[in-house]
2 protein chains.
Amino acid sequence: MNKKEEFDLENAKAQIRKGILEFPVLLIIAEGRSYASDIIKKLKKADLIIVEGTLYPLLSRLRHLGLVEYTWEESKSGPPRKYYTLTRKGREILKQLESVWKGLNNSINALIKNNEKNS
Amino acid sequence: MNKKEEFDLENAKAQIRKGILEFPVLLIIAEGRSYASDIIKKLKKADLIIVEGTLYPLLSRLRHLGLVEYTWEESKSGPPRKYYTLTRKGREILKQLESVWKGLNNSINALIKNNEKNS
DNA sequence: CATAGTACCTTGTAAAGCAAAGTACTATGT
DNA sequence: ACATAGTACTTTGCTTTACAAGGTACTATG
């Protein structure tokens, strides 16, 4: 337990991840059809930690929005899996998110540079 | 009002901003002592929209955490202003946030590249 | 048939941005 | 003197969403 009065870098990281999660999740599904545990593993490999309780509702949300769809598929080692793929709409939104990301990137990197100059 | 069933890019942007806001705010204060409206203007210039109701609580939070401090100063054109500066601790945290940011950047840009390759 | 492993789902909680409304100071025009 | 406008700081209620924790259910193995 972290004292409430202390700045909590881990929490800050979590907050930063929080806002942007949809984007890397869509990116991963765009790479190739994946199911939940798959996605979590791939995100972890990219240093973006996420847990089940976050991902399942997020995938539902994306599906209700028509950005992804799934097909059930048997597995040799357990219950069937929901394999997700992007819809046409999902691909469009992904493109837009990419440009939002690039914009944010430019903005913040400009601020960082500005700050380095003045120090 | 946006229909709930539609993907709302503005909301997505807002969510992304949400997690990361502390960082650019600290960057701006690091650049030079600033007061609230100042900060909002500079953020807007960097394409990071933010409103009063967001910034004031955020600044209070940062102050309670000991990352920033302020001094009252008279203004020729209205009520006095709270000019914020970074504390020593604030500068340390800012460095850490910079490295968190770089990490996130690498992670996501790697995913983007991966995705471009496979398409 | 009990256990372990895998996969999907749900509930309750907390954090934090935002819209909107409020308080208060200064300057300007009548 | 007083109304209006501009600036600045603050607060309240709402909404969204990640997470912790717990639950259901299917398959394989001993």
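The sequence lines fix the lettering, A, B, ..., with proteins before strands; numbering per chain opens at 1.
- Of the candidate nucleotides C:dC18, D:dA18, D:dT17, D:dA18 has the atom nearest to the side chain of A:Thr54.
- Listed by chain and number, the hydrophobic cluster partners of B:Tyr56 come to none, as no ILVMFWY side chain reaches under 4.5 Å of it.
- Scanning residues 98-110 of chain B for heavy-atom distances under 4.0 Å to DNA chain C yields an empty list.
- Listed nucleotides: D:dA18, D:dC19, D:dC9. Nearest to the side chain of A:Arg17: D:dC19.
- At a non-hydrogen distance threshold of 4.0 Å, A:Tyr35, A:Ala36, A:Ser37 from residues 20-47 of chain A come into contact with DNA chain C.
- Residues passing the salt bridge (Lys or Arg N to Asp or Glu O under 4.0 Å) test with B:Arg91: none are found, sequence neighbours excluded.
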Output a table of nitrogen or oxygen pairs between the protein and nucleotides 25-29 of chain C separated by less than 3.5 Å.
unit_1, atom_1, unit_2, atom_2, d
C:dA27, OP1, B:Lys76, O, 3.3

Could you list the donor-acceptor pairs under 3.5 angstrom formed by side chains in residues 13-33 of chain B, with sequence neighbours left out?
unit_1, atom_1, unit_2, atom_2, d
B:Arg17, NE, B:Ile49, O, 3.0
B:Arg33, NH2, B:Glu73, OE1, 2.5
B:Arg33, NH2, B:Glu73, OE2, 2.7

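- By the 4.5 Å side-chain criterion applied to Ile, Leu, Val, Met, Phe, Trp and Tyr, B:Tyr83 is assigned to a cluster that also includes B:Tyr35.
- Applying the salt bridge (charged side-chain N to carboxylate O under 4.0 Å, His left out) definition to pairs two or more places apart or across chains, none involves residues 41-51 of chain B.
- Shown here are the side-chain contact (heavy atoms from CB on, under 4.5 Å) partners of A:Ser60, two or more places apart in sequence or in another chain: A:His64.
- Where pairing requires Watson-Crick or G-U contacts shorter than 3.5 Å, the helical stems of DNA chain D with at least three consecutive pairs are C:1-30 with D:1-30.
- Partners of B:Asn105 under the side chain to side chain donor-acceptor pair (under 3.5 Å) rule, at least two apart in sequence or in another chain, are A:Asn105, B:Asn109.
- Of the candidates D:dT17, D:dT7, C:dA16, D:dT7 carries the atom nearest the B:Arg81 side chain, counting heavy atoms from C-beta on.
- Remark: A:Glu92 engages A:Arg88 in a salt bridge (Lys or Arg N to Asp or Glu O under 4.0 Å) (not counting sequence neighbours).
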